[in-house]
Structure formats: structure tokens, C-alpha cells
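What follows is a set of notes on a single structure, which appears directly below.
For the numbers below, each heavy atom of this structure counts, side chains included, while hydrogens, waters and symmetry mates do not.
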Amino acid sequence: MDGDNVLDRVLFIGPSVKGRGGMEELGRLYISNFENAVYLPTNSCRGTLAGLVVLAGIVCRLPLYRLQGKSLMHIHMASGKSFFRKAAVAILGRMIGFKILIHIHAGDFPDFVKKATRPIVKTGLAPAHCVIVLSDYWRKYFTDNLGLKNVSVLPNMVESGMSSKEKENRSKTRFLYLGVLTRDKGVDTLVRAYKIVAECLKDKTELIIAGTGFLEQELKEFVGREITGGKVYFTGWVNHEERDCLLEQSDIIVLPSLFECQPMSLLEGMAAGCGIVATRIGGVPDIVRDNENGFLVEPGDVKGVADAMMRYVDNRSIVSKHGIISKKILEQHLPENVKKNLIKIYEGIN
């Protein structure tokens with residue numbers, strides 16, 4: 001079956017691409033790389049009520065899209081409210097004749113299953129002809145813990161447009177955090193780790209924190225009170241151009257999260273040739289190989305994060321070496337390769 005013909009019949013369901021976050025960025029990548037597919041958001045950045053109106057509009061339009069020849073419904077799903085919204089769309093889609101693919105992006109899915117209970121989660125996933133996960137780690141989780149048989153692996157997509165300049169000649173080593181400012185992302189662990197780095201290395205480093213969140217004021221107060229020697233800059237949320245500029249100007253991405261699926265910020269950092277400091281959780285070890293293209297530590301390990309950061313400062317040539325290996329790892333994440341593998345998944349359920 002012709003791949004382009006398959007893509008003509010795809011209806012993508014996901015979060016609003018006007019939002020902020022990894023799934024939203026992935027939605028934008030799908031829109032730009034799958035020209036003939038239609039992408040429908042199930043929420044709104046304007047709040048819950050507006051989101052319900054958007055969701056109701058999708059429900060009303062699904063039969064029309066089915067009559068127009070769309071036959072594959074590819075649903076990008078997280079946990080919590082996202083799960084229940086998308087599950088309702090999946091059930092309706094199945095009822096009117098769509099083949100359903102549910103694409104899981106939630107790093108906290110195991111905790112969500114415990115809270116929502118396995119029977120409810122399995123009911124929500126039941127309409128799927130195929131469940132797509134981001135790595136072998138997550139395939140094992142869904143097969144072993146939820147008993148699913150129809151699980152396929154498709155890594156997240158990242159573009160390779162960002163160049164990876166030599167990062168060894170900067171006067172200071174620059175660390176970068178990209179993401180929401182919450183405890184789940186471990187940004188509080190990061191600033192405590194950076195306190196150790198700044199005390200040990202004085203003015204040799206700086207930390208850029210790009211993002212917003214409820215921890216922002218607490219983090220700023222901690223930095224003002226506790227950190228001397230190094231510099232910490234809070235940029236707020238950044239757009240795509242600003243993000244790419246920060247990646248170009250930074251040496252190491254640090255993401256000490258408590259849980260993750262397959263973080264877009266790490267993939268973007270790898271594409272920019274940055275070193276990586278991250279936690280050994282979820283699907284992270286599938287893209288960050290300890291001592292090969294980054295350093296992995298345990299969640300909440302402040303000293304471990306600080307030690308990994310200082311290893312890069314002590315030997316800046318490691319950054320370039322890790323960047324070269326990251327480029328090779330990223331080949332399977334490039335749009336043309338993700339697209340090729342996704343077409344195989346589509347053809348497998350037709």
C-alpha cells in the first residue's frame with residue numbers, strides 16, 4: 001500500500017499546539033511534517049470551558065471526516081484529563097468505523113494507573129487497534145503491567161536543523177534547563193545542585209532556567225539567598241527561536257525529573273550537540289546512555305547532579321564527544337525516519 005495514500009487517511013487528535021510543553025511541540029512537528037493529515041486539538045489554552053466547546057466541536061465533526069475518507073485516528077494521549085478526553089474520542093471514533101491508534105506520552109502513567117485503577121485505564125485503551133509508546137522501556141511496561149498485546153514503539157520526532165558548534169572555547173560553562181518549573185521536573189534539585197557547583201567552581205559556570213511554573217518565586221528566592229560564585233538567569237517561557245538560540249549558546253542540558261516519558265528538551269539538546277545530565281527514569285536511558293552521550297543520576301540526588309555537572313566543567317572536551325554520539329542516536333528520531341516507521345504501523349492495522 002502506498003505510504004502517502006495511508007497518510008491521506010489519517011486524522012490526528014492531540015493537545016492544542018498553541019500551548020506550552022513537549023506534547024504541544026510534538027504536535028507542531030507532526031503538523032509540519034505530515035502535510036496531508038488533519039490535526040484536531042481536544043483542549044484550549046483559554047481554559048476548561050473553551051476546551052469543552054472545542055471537544056464538542058470535534059465530536060460533531062468526526063462523522064464528517066469519516067465520510068470524507070479519513071479512516072485512521074491517531075490520538076496523542078497523556079494522563080489525567082487528557083486520558084479521559086482522548087478515551088471518549090477513541091470510543092466514539094471506533095463506533096463510527098475509525099481504526100484507532102493511541103500514542104502515549106505520559107511519563108507519570110504508572111502513577112496514573114494506580115490512581116485511576118487498572119480496569120478503568122484498560123477500558124480507556126480498549127478501543128485501540130494499536131497502542132504506540134516511545135521506547136522499549138514503555139513497551140515492557142504496557143505489556144507486562146497492563147497485559148496489552150498490540151504495542152508498537154515509535155520514538156519522538158526531533159528536527160536536526162540546529163547546528164552543534166564547538167562548545168569548548170567558551171569562557172564559562174553554561175548549563176540550561178528547559179521546561180515547567182515544578183518539583184516533578186526536578187528543577188528544585190537542580191538549583192540545589194548548582195549551589196554546590198557554584199561554591200566549588202566560583203565564576204566558571206552559569207545556569208539558565210527557561211520556563212515558568214508555580215516554583216518560580218521560590219527558586220528565585222533560593223538563588224538570591226543561597227547561591228554565590230556562579231550566575232543564575234531566569235528567562236521565563238521562551239519561543240522556538242529563543243529556545244534554539246539558548247541551545248546554541250549552552251553547553252549542557254540538565255533535566256533531573258522525577259518521571260519522564262521521552263523528554264523533548266533532551267532530544268533538542270542532543271540535536272544541538274549539548275552534553276546531558278538527566279535522571280535514570282522512564283524512557284530517558286533509551287536516549288541518554290550513561291558515560292556515552294551524557295550522565296545519568298538517581299531522582300532527587302542533589303550531589304549526584306552536582307558531580308555530573310562538574311565532570312563536564314573539568315573536561316570540556318567531553319561535551320563534543322557526547323554531542324557526536326547523540327547525533328547518531330538521534331537518527332531514528334529524525335522526521336523522515338519517524339514518518340517511515342509510522343507508515344509501517346499504519347499499514348499493519350489496515
Side-chain angles (χ1 to χ4, degrees), residues 164-211 215 219-220 222-235 243 246-258 260 263 265-281 284-285 287-326:
S164 53
K165 297 177 182 177
E166 286 295 325
K167 299 178 182 287
E168 296 175 23
N169 299 321
R170 306 187 201 277
S171 60
K172 293 184 179 181
T173 301
R174 176 178 286 183
F175 299 98
L176 174 64
Y177 171 88
L178 288 168
V180 293
L181 306 186
T182 63
R183 298 193 197 284
D184 289 343
K185 290 292 184 179
V187 65
D188 53 330
T189 298
L190 170 57
V191 294
R192 285 169 172 76
Y194 186 69
K195 177 185 177 182
I196 298 173
V197 173
E199 288 173 350
C200 293
L201 301 175
K202 303 303 179 185
D203 60 351
K204 293 183 179 180
T205 68
E206 56 188 18
L207 170 64
I208 310 297
I209 296 178
L215 276 186
L219 294 171
K220 288 180 177 178
F222 178 88
V223 167
R225 184 177 66 248
E226 300 285 344
I227 294 182
T228 59
K231 294 286 186 180
V232 180
Y233 302 94
F234 291 85
T235 69
R243 176 204 66 192
L246 285 174
L247 287 165
E248 287 290 331
Q249 296 172 355
S250 300
D251 302 287
I252 295 99
I253 295 286
V254 188
L255 186 67
S257 302
L258 302 184
E260 286 288 356
S265 63
L266 292 188
L267 293 173
E268 290 159 355
M270 291 165 65
C274 294
I276 305 292
V277 176
T279 35
R280 191 180 284 103
I281 52 166
V284 171
I287 56 173
V288 181
R289 301 169 187 169
D290 195 25
N291 288 305
E292 291 186 35
N293 70 314
F295 298 119
L296 295 177
V297 300
E298 297 305 316
D301 184 356
V302 173
K303 186 176 184 302
V305 173
D307 288 346
M309 294 168 75
M310 287 190 286
R311 288 178 70 178
Y312 277 119
V313 181
D314 291 339
N315 188 353
R316 291 281 291 275
S317 65
I318 297 176
V319 176
S320 295
K321 292 176 182 177
H322 284 184
I324 292 170
I325 295 171
S326 285

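Scanning both residues, Ser250 and Cys274, for their nearest heavy atoms gives O-SG, 3.7 Å. Taking every heavy atom of both residues into account, Ile281 and Glu260 meet most closely at CD1-N, 3.5 Å.
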Handout entry: Steps toward side chain to side chain contact (heavy atoms under 4.5 Å, CB included) verdict (Val187, Thr182)
Key = CA-CA 7 Å; Val187 65; Thr182 63; 6.0 Å; no
Practice task
Evaluate salt bridge (Lys or Arg N to Asp or Glu O under 4.0 Å) for Asp307 paired with Lys303, printing each intermediate quantity in order.
Solution key: CA-CA 6 Å; Asp307 288 346; Lys303 186 176 184 302; 2.8 Å; yes
Handout entry: Worked check of side chain to side chain contact (heavy atoms under 4.5 Å, CB included) between Leu190 and Met309
Key = CA-CA 10 Å; Leu190 170 57; Met309 294 168 75; 4.0 Å; yes
Practice task
Determine, stepwise, if the pair Leu215 / Arg183 fulfils side chain to side chain contact (heavy atoms under 4.5 Å, CB included).
Solution key: CA-CA 8 Å; Leu215 276 186; Arg183 298 193 197 284; 3.5 Å; yes
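A side-chain contact (heavy atoms from CB on, under 4.5 Å) with Val232 holds for exactly one of Ile227, Leu219, Thr205, Ile208; it is Ile227.
Put simply, CG on Leu296 and CG on Asp290 are 4.5 Å apart, with the number rounded to the nearest 0.5 Å. How far CD1 of Ile325 is from CD1 of Ile276: 12.0 Å, rounded to the nearest 0.5 Å. Here the OH atom belonging to Tyr177 is positioned 14.0 Å from the CG atom belonging to Leu246, to the nearest 0.5 angstrom. Expressed to the nearest 0.5 Å, how far CG of Leu258 lies from CG of Asp188 amounts to 7.5 Å. Interatomic distance, CG of Leu178 versus NZ of Lys185, reported as 10.5 Å (0.5 Å rounding). Separation of atoms CD1 (Ile196) and CG (Leu201) is listed at 11.0 Å; rounding is to 0.5 Å.
Residue-environment remark: CZ (Arg280) exceeds the threshold of 12 foreign heavy atoms within 6.0 Å.
For residues 291-311, the pairs satisfying ring-ring contact (aromatic ring centres under 6.0 Å, His included) are Phe295-Tyr312, Phe295-His322, with sequence neighbours left out.
When atom types are taken as modelled, the side chain of Asp301 and the backbone of Thr279 share no donor-acceptor pair closer than 3.5 angstrom. Thr189 contributes no side-chain N or O that, together with a main-chain N or O of Gly300, makes up a donor-acceptor pair within less than 3.5 Å.
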